[in-house]
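Here's the structure we're looking at; comments come further down.
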Amino acid sequence: MRLDKFIAKSTTLNKQQVIVVIQAEKILVNNILITDCAFQVHENNHVTLEGRLLKTRPFRYLLMHKPAHTICSNIDEVYPSALNLLKLNNDIEHVSELHIAGRLDVDTTGLILITDDGRWTFNITLPTNNCSKIYRVNLSKVITQDIVKRFAEGIQLQGEANLTLPAFIEVINSKEVLLTLTEGKFHQVKRMFSAVGNRVVKLHREQIGDVKLDVAAGKWRYLTPLEINSFYK
Ligand code: URA
C-alpha cells in the first residue's frame, strides 16, 4: 500500500498531518529516508516515525443491514451514507478508512459487507470468483416460467457486450422471488427484470456467499473468522 495510507492506518494522524510528517523527513522505511507519499510499502516493512516503529491496525470486517434511503458511498450526497450508522455510538473508529464491498441502490435494503481490506473486497466483487448474492425481489407483474428460463440462460442487457451469467429464480409467490446472481453489474436486478418486461418494486439482499443477514435494519455486527475466510475459498 502507499506510504501515506500505511501511516494513516498505523497512527491517529489525519491526511494532512501524514503529508507533513513524510515531507518533514521523519519517516524511514527499512532504515531509508522516504519523502514520497506514494512510495509502496508492505505490511511487513520496518516503518518508523521519528524512530518509533509503526504497525498497521488489523483489518476490520462487518456486516450491516442497510436501510432504505441510505447510500453506499463514503460521503453523504442527497441521502446519507450507510456508514454513518457505524458512528452512532462512537463504537467504531476511523470510519473513513472503511468501504462497502458490493453496493446497493439507495432504495435497496439488506446485507452489505464493510471492510478496510481491499484484497478481501476484490474476492467478493470479482465476477470470475462466482460469489453468489441472493436477493428477495417483489415484482409489479406475475413471474412466468419463461422468465425463470431466460434468467437461467442469460439476459442481454443494454450496453453490455455479454449475456448475464446464469441467474437462478426460486418462486415464492406470483410476484415475489428469490434471485441468485454471481455478478454485480450496475442496477443488475432491476435491468434484468426490465429486459423481460417486468419491474422491481422492492429489492432486498439476504445473503452474500455463505454470509446471511441476521441483524435488524440499521444494525451491524463484526463478521466471525469463519465468515471472513469463507471468501477465500
Ligand atoms: N441490483 C439492482 O438493481 N440494485 C441493487 O441495489 C442491487 C442489485
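Since we're looking at a predicted model, the values are computed, not measured. Start at 1 and go down the list; that is how both ligands and their atoms are numbered.
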What about Arg103: any of its N or O atoms under 3.5 Å from an N or O on ligand 1? no
Considering the heavy atoms of His187, write down every atom of ligand 1 situated less than 4.0 Å from one of them. 1 (N), 2 (C), 3 (O)
In the protein, which heavy atom is nearest to atom 1 (N) of ligand 1, and how far is it? Val189 N, 3.1 Å
Which atoms of ligand 1 sit under 4.0 Å from any heavy atom of Gln188? 1 (N), 2 (C), 3 (O)
In the hydrophobic clustering that connects Ile, Leu, Val, Met, Phe, Trp and Tyr at side-chain heavy-atom distances below 4.5 Å, which members other than Leu33 occupy its cluster, ordered by chain and number? Leu28
Checking the N or O distance criterion of under 3.5 Å, is ligand 1 in contact with Tyr135? no
Quick check: is Leu113 connected to Leu98 through a chain of hydrophobic side chains (ILVMFWY, heavy atoms under 4.5 Å apart)? no
Between Trp120 and Tyr61, does the ring centroid distance fall short of 6.0 Å? yes
Show your working on side chain to side chain donor-acceptor pair (under 3.5 Å) between Thr121 and His99 and close with a plain yes or no. CA-CA 9 Å; Thr121 299; His99 63 266; 2.6 Å; yes
In one Ile/Leu/Val/Met/Phe/Trp/Tyr side-chain cluster, 4.5 Å: Ile100, Ile124: no
Arg136: which of His204, Glu176, Gln207 passes side-chain hydrogen bond (donor to acceptor under 3.5 Å, both in side chains): Glu176
In ligand 1, which numbered atoms sit nearer than 4.0 Å to a non-hydrogen atom of Leu104? 6 (O), 7 (C)
Closest to atom 5 (C) of ligand 1 by heavy-atom distance, out of Leu179, Val106, Val200, Asp105, is Asp105
Counting N and O atoms only, with roles assigned by atom type, does the side chain of Gln23 sit under 3.5 Å from a partner on the main chain of Val20, one being a donor and the other an acceptor? no
The atoms of ligand 1 lying under 4.0 Å from a heavy atom of Thr108, numbered in the order shown, are 4 (N), 5 (C), 6 (O)
Does ligand 1 have an atom under 4.0 Å from some heavy atom of Phe186? no
